[in-house]
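Read through the structure below, which is laid out as structure tokens, and then see the notes.
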Amino acid sequence: MVDSIESILQVARAAARSASTLCLAVLAESESTPEAMAKLGREPVTVADYGSQAVILEAVARAFPEHGVVAEEGAAHLEREAGRAGTEKLVRLVGEALGREVGLAQVLSWIDHVGGDGTYTWAVDPIDGTKGYLRRDQFAVAIGVLHGVDVVAGVLACPHLPWDLDDSEGRRGLLFSAARGEGAFVEALDGGERRPVQVSASLDPGRARVLGSVESSHGDPALIEAVIENAVLGGGWVRIDSQAKYAAVAAGMAEVYLRPRSRPDYRDNIWDHAAGVAIVSEAGGRVTDLDGRELDFSQGRRLEQNRGVLATNRLLHERVLEAVAAVEAASG
Ligand code: AMP
Ligand code: MG
């Protein structure tokens with residue numbers, strides 16, 4: 001396929017949709033929580049993480065075999081941990097998503113697809129916010145696309161994100177997409193027209209809503225609280241899982257997403273940010289680290305050169321950066 005940014009976005013949107021359907025099917029099939037397999041390290045991972053990754057990377061391998069891939073999961077761990085029932089379920093789910101019979105070897109090869117060393121690289125988080133997913137709360141299927149070391153496109157499927165953040169019982173399920181220079185768009189995950197999204201135009205700190213992680217161990221809630229107080233941000237602090245936070249800032253549902261480092265040696269994964277950066281930037285927002293530096297995607301799998309992340313509607317960016325600096329200076 002010709003790798004125009006438009007064709008890349010089209011493939012990414014379709015893959016994110018189909019991966020979301022798989023993730024929701026696993027939730028629907030499971031009475032309590034989808035069986036979480038212990039992953040090396042402390043993050044949980046489910047058969048849906050692997051299924052979602054297989055579906056997305058199959059699409060990349062088919063449409064753009066020369067594109068590179070950096071994705072969160074690996075087949076070796078799955079083979080060790082999933083057991084026969086797990087791998088059979090995985091093969092069935094991927095077959096259903098692709099609409100044809102597939103074999104385990106194929107599924108494993110898609111999960112581990114790394115592609116060529118072409119100019120484009122896909123940064124994929126098949127289920128971002130797995131802990132939220134297990135709670136049947138917010139999660140995202142995240143696909144960022146780099147050209148060289150620049151983020152040029154992103155897709156975020158947020159199957160549980162309410163259309164109105166203040167109405168959690170209302171309609172849910174949104175698909176966000178953006179390509180550099182083309183703007184950011186949202187559409188219903190179950191189909192419909194794409195319409196442009198813009199960040200909030202509010203300059204008023206008193207109404208600024210702040211988003212942070214649900215998991216305290218993924219950040220520094222005390223720092224967020226202190227920054228809210230220092231910058232006098234009065235719109236409330238809402239904790240949601242996954243890059244749905246970026247999506248909510250892009251759509252003007254909140255003004256600030258603040259992600260302090262959980263510990264000094266933590267380095268963020270590129271797949272936790274690439275899609276969100278594309279979408280917030282194209283919606284008119286701004287994304288930097290807590291020192292005001294651009295996120296540097298040139299360092300491989302992690303953002304080695306950045307300290308935390310701040311995404312805002314742009315208008316409040318400096319104010320929040322100043323508050324971070326003041327709070328950090330005060331705490332030594
Ligand atoms: P969130 O939904 O904001 O809690 O972020 C989810 C992401 O946090 C996951 O995709 C993980 O890659 C990442 N994560 C895991 N452990 C940590 C940690 N100790 N500090 C920061 N982020 C983490
Ligand atoms: Mg993630």
Side-chain angles (χ1 to χ4, degrees), residues 16 19-20 23 36-46 48-53 56-57 69-74 77 111 122-144 151 154-161 165 176 209-224 237-250 253-254 256-280 287 289-290 295 297 299-304 306-312:
S20 300
C23 297
M37 296 173 261
K39 190 158 133 176
L40 302 174
R42 281 199 298 269
E43 291 293 289
V45 60
T46 72
D49 293 67
Y50 293 106
S52 173
Q53 182 159 318
I56 295 165
L57 299 200
V69 171
V70 175
E72 179 162 31
E73 311 302 342
H77 182 267
I111 290 171
W122 294 55
V124 176
D125 195 342
I127 297 187
D128 181 28
T130 306
K131 288 174 180 164
Y133 175 73
L134 291 169
R135 285 189 249 99
R136 296 176 184 269
D137 203 343
Q138 294 306 321
F139 68 99
V141 174
I143 304 176
V151 177
V155 169
L156 279 177
C158 304
H160 287 166
L161 190 63
L165 212 50
F176 293 83
R209 174 181 275 177
V210 178
L211 303 179
S213 297
V214 174
E215 299 294 330
S216 295
S217 66
H218 290 179
D220 182 348
L223 183 78
I224 296 181
W237 172 20
V238 180
R239 299 177 70 159
I240 58 179
D241 297 288
S242 84
Q243 287 174 71
K245 294 187 276 298
Y246 278 111
V249 169
M253 298 174 183
V256 176
Y257 164 24
L258 180 56
R259 187 180 190 87
R261 248 186 206 171
S262 54
R263 47 174 206 267
D265 65 339
Y266 186 80
R267 298 292 179 275
D268 280 271
N269 301 305
I270 62 168
W271 55 80
D272 283 331
H273 298 284
V277 166
I279 291 163
V280 165
V287 185
D289 70 6
L290 298 195
L295 299 193
F297 286 89
Q299 304 287 307
R301 291 171 76 81
R302 299 191 203 287
L303 300 173
E304 300 288 351
N306 294 108
R307 195 175 71 86
V309 175
L310 174 65
T312 68

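We count ligands from 1, going down the list as the structure has it; atoms in each ligand are counted the same way. Here, residue 1 is the first one in the sequence, and each next residue gets the next number. Hydrogens, waters and symmetry mates are skipped; everything else that's a heavy atom, side chains included, is used.
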Measuring from the Mg ion (ligand 2), name the closest N, O or S atom belonging to [X].
X	result
Asp272	OD1
Asp125	OD2
Asp128	OD1

For ligand 1, which atoms have a heavy atom of [X] less than 4.0 angstrom away?
X	result
Asn269	12 (O)
Asp241	2 (O)
Asp272	7 (C), 9 (C), 10 (O), 11 (C), 12 (O), 13 (C)
Arg263	19 (N)
Ser217	18 (C), 19 (N), 20 (N)
Asp128	6 (C), 10 (O)

Under a heavy-atom criterion of less than 4.0 Å, does Val214 contact ligand 1? no
Output the distance between atom [atom1] ([X]) and atom [atom2] ([Y]), rounded to the nearest 0.5 Å.
X	Y	atom1	atom2	value
Gln243	Ile143	CD	CD1	11.0 Å
Leu310	Leu290	CG	CG	6.5 Å
His273	Asp128	NE2	CG	8.5 Å
Tyr266	Arg307	OH	CZ	15.5 Å

Which class fits the ring pair Tyr50 and His77: parallel under 30°, tilted 30 to 60°, perpendicular over 60°? parallel
Is there any N or O on [X] that sits under 3.5 Å from an N or O of ligand 1?
X	result
Trp271	no
Glu215	no
Lys245	yes
Tyr266	yes
Ser262	yes
Arg259	yes

Can a donor-acceptor pair be found between the side chains of Arg259 and Ser213 at a distance below 3.5 Å? yes
Report yes or no: do Tyr133 and Arg135 form a side-chain donor-acceptor pair below 3.5 Å?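 Looking only at side-chain atoms, Arg135 and Tyr133 do not form any donor-acceptor pair under 3.5 Å.
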Let's go through Val287 and Val309 carefully: what are the C-alpha distance in whole Å and the side-chain angles of both, what is the deciding distance for side-chain contact (heavy atoms from CB on, under 4.5 Å) to 0.1 Å, and is it a yes or a no? CA-CA 7 Å; Val287 185; Val309 175; 4.0 Å; yes
Apply side-chain contact (heavy atoms from CB on, under 4.5 Å) to residues Ile56 and Val141 and explain how you reach the verdict. CA-CA 10 Å; Ile56 295 165; Val141 174; 3.6 Å; yes
Have a look at ligand 1 and work out which part of [X], if any, has a heavy atom under 4.0 Å from it: side chain, backbone, both or neither.
X	answer
Lys131	neither
Asp125	side chain
Thr130	neither

State which residues pass side-chain hydrogen bond (donor to acceptor under 3.5 Å, both in side chains) with Asp220; sequence neighbours excluded, sorted by chain then number.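 In terms of side-chain hydrogen bond (donor to acceptor under 3.5 Å, both in side chains), with neighbours along the sequence ignored, Asp220 is linked to no residue.
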Go through the steps to decide whether Trp271 and Val70 satisfy the test side-chain contact (heavy atoms from CB on, under 4.5 Å), and finish with yes or no. CA-CA 8 Å; Trp271 55 80; Val70 175; 3.9 Å; yes
Mind checking what makes salt bridge (charged side-chain N to carboxylate O under 4.0 Å, His left out) contact with Asp272, not counting sequence neighbours?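 Asp272 satisfies salt bridge (charged side-chain N to carboxylate O under 4.0 Å, His left out) with no residue once adjacent residues are dropped.
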I want to confirm something. Looking only at heavy atoms, which of Arg261, Gln243, His218 is nearest to atom 15 (C) of ligand 1?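 Nearest option to atom 15 (C) of ligand 1, by heavy atoms: His218.
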